[in-house]
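Let me begin by presenting the structure, written as structure tokens, before commenting on it.
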Amino acid sequence: MKRYFIRATRYLLYVIVIFVVIFFLMNITGYSKITPDMLGVFFSSAQAMIMGAVVLALVVVHPFIAYIKRAFGVDMVANRKNVVALFDSYGYALESESQSEMIFRTKSKLRRFISPYEDAIIIDLTAFPTTIEGNRKTVVKVMYRLKP
């Protein structure tokens with residue numbers, strides 16, 4: 001929850017950038033009926049307000065859906081080699097390790113860019129059971145593969 005606002009803000013910026021790129025490409029190719037000097041009229045229309053409300057709702061909900069923190073009853077310290085190999089097979093590398101946590105990040109710069117630089121998987125070794133926090137899809141895959 002402490003990273004909620006950071007994740008929501010990054011996602012909002014990504015949505016805005018995608019909108020600008022799509023609008024720019026449509027304008028260059030001639031598929032847009034809206035010219036740059038008509039943007040004020042476009043954004044004051046009812047359709048633009050509805051689209052903005054939907055995008056804002058998506059931005060608010062996205063961090064709750066895409067990121068999770070789960071408790072897991074496997075001793076990650078004893079299974080360190082298996083854990084590192086498993087993350088390596090999913091395209092993650094061990095970025096840092098301490099007595100209290102292990103942090104994995106994607107190796108691919110493209111995957112890191114696509115997931116608004118929120119690609120870290122954090123394993124908290126101090127809690128019992130061990131907790132895994134990060135992208136929902138990766139956390140679920142890792143938990144399934146490491147099932148005791």
Side-chain angles (χ1 to χ4, degrees), residues 1-29 31-36 38-74 76 79 82-98 100-148:
M1 187 66 178
K2 61 185 175 183
R3 296 197 45 87
Y4 171 79
F5 292 108
I6 294 170
R7 288 175 175 156
T9 304
R10 283 183 177 176
Y11 193 65
L12 176 64
L13 291 175
Y14 267 56
V15 169
I16 290 171
V17 167
I18 289 171
F19 174 77
V20 168
V21 167
I22 289 172
F23 180 77
F24 181 73
L25 289 175
M26 286 176 60
N27 202 5
I28 286 176
T29 58
Y31 284 105
S32 177
K33 294 181 180 178
I34 300 172
T35 60
M38 294 173 56
L39 281 178
V41 174
F42 173 70
F43 284 116
S44 63
S45 70
Q47 291 87 356
M49 298 294 178
I50 293 171
M51 185 175 72
V54 168
V55 167
L56 190 60
L58 180 66
V59 166
V60 167
V61 171
H62 179 264
F64 290 116
I65 295 172
Y67 303 97
I68 60 172
K69 182 175 186 175
R70 292 287 183 253
F72 195 56
V74 171
M76 297 290 187
N79 295 328
N82 293 340
V83 171
V84 172
L86 179 62
F87 274 101
D88 187 52
S89 71
Y90 287 135
Y92 283 77
L94 182 62
E95 181 183 63
S96 67
E97 181 177 19
S98 67
S100 61
E101 68 182 11
M102 297 168 72
I103 300 175
F104 292 89
R105 290 212 180 261
T106 58
K107 296 175 188 176
S108 168
K109 299 289 185 195
L110 180 62
R111 277 181 59 189
R112 188 172 289 172
F113 178 74
I114 289 172
S115 65
Y117 290 89
E118 288 292 335
D119 61 332
I121 304 293
I122 301 168
I123 301 174
D124 184 7
L125 303 172
T126 59
F128 185 79
T130 304
T131 59
I132 303 174
E133 178 181 2
N135 179 287
R136 176 180 297 272
K137 184 177 174 182
T138 306
V139 168
V140 170
K141 284 195 288 188
V142 167
M143 288 178 69
Y144 178 74
R145 293 281 302 268
L146 288 175
K147 227 183 237 185

Inset, instruction - Not counting sequence neighbours, which residues clear side chain to side chain contact (heavy atoms under 4.5 Å, CB included) with Tyr11? List them please. - result: Val15, Leu58, Val59, His62
Legend entry - Those residues that, when tested against Met26, pass side chain to side chain contact (heavy atoms under 4.5 Å, CB included) (two or more places apart): Ile22, Ser32
Over all heavy atoms of both residues, which pair between [X] and [Y] is shortest? Give the atoms and the distance, please.
X: Tyr92; Y: Lys107; result: O-CE, 3.6 Å
X: Met49; Y: Ser44; result: CE-CA, 4.2 Å
X: Val142; Y: Ile132; result: CG1-CD1, 4.4 Å

Which distance, rounded to the nearest 0.5 Å, do you find between the [atom1] of [X] and the [atom2] of [Y]?
X: Phe104; Y: Asp88; atom1: CZ; atom2: CG; answer: 9.5 Å
X: Thr138; Y: Ile68; atom1: OG1; atom2: CD1; answer: 9.5 Å
X: Leu125; Y: Glu97; atom1: CG; atom2: CD; answer: 7.5 Å
X: Ile121; Y: Met102; atom1: CD1; atom2: CE; answer: 12.0 Å
X: Ile103; Y: Glu95; atom1: CD1; atom2: CD; answer: 6.0 Å

Inset, instruction - For residues Tyr4 and Tyr67, establish whether the separation of their ring centroids is below 6.0 Å. - result: no
Legend entry - Flag, side chain of Tyr14 to backbone of Phe113, donor-acceptor distance under 3.5 Å: yes
Legend entry - With Ser100 via side chain to side chain donor-acceptor pair (under 3.5 Å) - residues at least two apart: Ser98
Inset, instruction - Flag yes if more than 12 heavy atoms outside Lys137 fall under 6.0 Å of its NZ atom; otherwise flag no. - result: no
Legend entry - Within 6.0 angstrom of Arg136 CZ, more than 12 heavy atoms from elsewhere: yes
Legend entry - Under the ring pair (Phe, Tyr, Trp, His ring centres under 6.0 Å) test, residues paired with Tyr90 that sit two or more places apart: none
Inset, instruction - Only counting residues at least two apart or in another chain, list the ones meeting salt bridge (charged side-chain N to carboxylate O under 4.0 Å, His left out) with Asp124. - result: none
Inset, instruction - Go through Phe72 and Ile123 one step at a time and tell me if the side-chain contact (heavy atoms from CB on, under 4.5 Å) criterion holds. - result: CA-CA 10 Å; Phe72 195 56; Ile123 301 174; over 6 Å; no
Legend entry - Derivation and outcome, side-chain contact (heavy atoms from CB on, under 4.5 Å), residues Leu94 and Val83: CA-CA 10 Å; Leu94 182 62; Val83 171; over 6 Å; no
Legend entry - Summary of side-chain hydrogen bond (donor to acceptor under 3.5 Å, both in side chains) pairs that have at least one residue in residues 112-121, sequence neighbours excluded: Arg3-Glu118, Arg7-Glu118, Arg10-Glu118, Arg105-Asp119, Thr106-Asp119, Arg112-Asp119
